[in-house]
Amino acid sequence: MAASGYVVVMVNPRGSTGYGQAFIDGVSGDWGGKAYVDLMKGLDAAEAKYPFIDTARECALGGSYGGFMANWILTHTNRFACIVTHDGMFNPQSAYGATEELWFNEWEFREPTIIPDGKGHAAKQTLDPMPAQPWNYFDRPVAQDPFRKWSPMLSIRNAKTPTLVIHSQRDYRLDVSEGFQLFTALQRLNVPSKMLYFPDEGHWILKPQNSKLWYETVGDWCDRWTKTNAYALTASEGPAVPIAPRPQTGSSERRMGTRIGVSRPAEMDEEKPAAPPVATAKAGKRAPAVAEPAPPMAAPSVATPSVAVASGSGPAASSAKGKPSPAGDGQSSFLIAISAPNDEVQVGAEARIVITLRNLSDRQMLFAHRPGMNNPEFSYRIEVRNAAGHEVEETAYGREARQRQQTEGRTVDYVQPGMSTMQTAHLERLVNLNRPGRYTVRVSRVDPATHAVVRSNEVTLNVVP
């Protein structure tokens with residue numbers, strides 16, 4: 001995060017190590033209490049000390065207990081621009097019956113009790129010596145039931161902050177249903193949200209390609225809501241647009257927002273062929289900040305997501321039939337805009353363009369792509385022409401990518417009305433830019449609603465010796 005321009009703030013809240021056993025024990029029976037206060041005060045202190053932190057562009061991230069705390073932050077403050085929650089507890093009652101570490105829940109959710117001192121001293125607070133079990137509290141008020149008192153689910157109607165939910169199928173510490181419950185609630189409440197689901201990972205992401213996807217997805221989510229990096233270049237991301245409830249006519253309308261999963265929805269066949277809570281702040285003229293608390297339990301290695309489900313708004317333009325439609329012509333359901341971070345590159349150097357697809361319709365759309373954010377060649381037709389107007393010869397990889405657009409296993413993003421999805425193309429991988437000169441780049445894609453080819457604006461790239 002720091003390398004991307006964020007200020008990273010890591011706070012040691014109650015429950016973390018370094019300040020003695022009493023400090024560690026301070027979180028037991030008090031999961032959303034003193035630790036939450038410590039985190040907020042820690043970020044307050046960082047903001048006061050470092051004036052370059054942009055307080056309007058902060059994000060909160062966390063994994064494991066940090067994931068619980070991210071969920072608690074989501075439901076108890078609107079301070080942050082976005083949230084990332086990795087393998088966190090959302091519903092303590094259901095988590096109790098689905099964990100392989102039962103002793104931990106029975107220890108942590110014990111009810112605090114007051115022990116009077118018969119010698120005239122002040123009474124002491126301790127925890128009930130009996131194991132905590134949800135059914136023993138059903139007849140008590142919420143304030144006397146730790147499973148409900150510290151349940152982010154019971155406060156989910158307060159949630160307003162855009163949230164990325166990450167969870168893995170083989171997480172036996174906190175069952176994947178915790179992530180599904182949270183994501184479902186956010187979708188039904190029309191809170192901008194996205195889920196990254198790993199079918200082959202546990203509590204932490206350990207496989208290299210899954211880890212790569214985790215970092216790409218988390219970085220993109222924070223950039224999107226803080227208008228950072230590629231999103232700052234195009235300024236294409238607008239505010240979330242509430243979605244009016246509609247009759248459910250198909251699977252493409254059953255969820256609102258952006259989601260990722262592992263199956264291949266039928267909508268794709270248009271043509272047959274997880275660290276502890278971190279608060280991240282972004283900077284414009286001021287620098288972004290990220291606050292992370294130290295974990296109350298053993299610090300988890302940063303986990304990553306694995307495969308995400310994908311379907312798209314339409315196949316790439318290379319296989320499209322129909323007449324071309326300029327972006328933003330009032331008829332197409334989406335607009336494509338491209339920009340070049342560097343309009344002059346040397347022969348053999350990296351030549352990038354950023355592709356932004358914006359949903360212009362009044363309903364969510366499906367966008368299919370290969371997992372990751374740097375391979376739009378599987379989703380778009382990318383044309384590069386030389387100064388004479390001739391199309392530049394493709395590389396072997398570029399030809400393969402174009403030929404496999406209809407058969408490549410894809411990830412699906414559900415893009416909300418008014419929102420955008422973004423990818424970066426590396427032109428040097430797709431075409432032969434081995435000669436100095438002036439090149440023009442344009443991107444297109446088929447609109448499945450109208451069968452028209454939607455084309456982007458044109459950018460110029462100067463390749464120098």
Side-chain angles (χ1 to χ4, degrees), residues 194 224 234 236-238 240-241 243-244 246 249-260 264-273 309-339 353-370 373 375-384 391 401-425 430 440-459:
K194 181 175 184 176
R224 172 175 298 184
T234 60
S236 62
E237 191 68 21
V241 178
I243 303 173
R246 298 190 311 275
T249 58
S251 57
S252 66
E253 298 179 0
R254 288 179 189 149
R255 287 198 182 276
M256 303 169 196
T258 305
R259 74 178 181 206
I260 294 183
R264 181 184 174 92
E267 303 100 304
M268 291 180 61
D269 300 323
E270 297 100 354
E271 300 254 345
K272 302 294 183 184
V309 174
S311 95
S313 58
S318 60
S319 63
K321 298 177 182 178
K323 62 179 182 180
S325 172
D329 63 355
Q331 299 177 0
S332 54
S333 60
F334 59 86
L335 174 147
I336 302 173
I338 63 175
S339 62
I353 61 166
V354 178
I355 306 173
T356 302
L357 181 146
R358 185 178 181 84
N359 183 0
L360 300 178
S361 71
D362 61 354
R363 65 178 60 193
Q364 67 180 8
M365 62 179 288
L366 298 109
F367 175 74
H369 60 92
R370 206 180 194 196
M373 306 303 296
N375 39 42
E377 56 270 19
F378 290 92
S379 308
Y380 297 93
R381 171 78 168 114
I382 302 175
E383 299 177 29
V384 183
E391 197 162 350
R402 177 170 48 80
Q403 293 165 1
R404 293 175 59 186
Q405 283 182 343
Q406 296 306 313
T407 59
E408 181 72 14
R410 293 185 271 178
T411 292
V412 178
D413 282 0
Y414 281 47
V415 186
Q416 295 181 11
M419 305 301 286
S420 304
T421 184
M422 187 172 295
Q423 290 194 317
T424 300
L430 307 178
T440 57
V441 185
R442 174 167 273 178
V443 170
S444 57
R445 180 181 172 88
V446 175
D447 185 342
T450 62
H451 302 292
V453 179
V454 180
R455 301 189 185 280
S456 72
N457 57 303
E458 185 176 272
V459 298

Less than 4.5 Å apart, any side-chain heavy atom of [X] and any of [Y]?
X	Y	value
Thr356	Thr421	no
Ile382	Leu430	yes
Ile355	Ile336	yes

Closer than 3.5 angstrom, by distance alone: can the side chain of [X] be matched with the main-chain N or O of [Y] as a donor-acceptor pair?
X	Y	answer
Asn457	Ile338	yes
Arg402	Glu377	no
Arg445	Ser379	yes
Ser444	Arg455	no

Checking Val443 against Glu383 for the side-chain contact (heavy atoms from CB on, under 4.5 Å) test, could you report, in this order, the C-alpha distance in whole Å, the side-chain angles of both residues, the deciding distance, and whether it holds?
CA-CA 6 Å; Val443 170; Glu383 299 177 29; over 6 Å; no
Minimum-distance pair of heavy atoms, taken over all atoms of Phe334 and Pro448
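Smallest heavy-atom distance, with atoms named: CE2-CD, 4.5 Å.
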Working note: Leu357 + Met365, criterion side-chain contact (heavy atoms from CB on, under 4.5 Å); need CA distance, chi angles, decisive distance, verdict.
CA-CA 11 Å; Leu357 181 146; Met365 62 179 288; 3.7 Å; yes
Cationic N near anionic O, under 4.0 Å, Arg381 to Glu391:
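Looking at Arg381 and Glu391, the cut-off is met.
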Spacing of CD belonging to Gln416 relative to OG belonging to Ser361, to within rounding of 0.5 Å
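Nearest 0.5 Å value for the CD-OG distance: 11.0 Å.
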Tell me yes or no: between the side chains of Ser332 and Asp447, is some donor less than 3.5 Å from an acceptor?
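Their side chains do not contain a donor-acceptor pair, so the 3.5 Å distance test is not met.
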Check the pair Asn359 / Leu335 against side-chain contact (heavy atoms from CB on, under 4.5 Å), numbers first and verdict last.
CA-CA 7 Å; Asn359 183 0; Leu335 174 147; over 6 Å; no
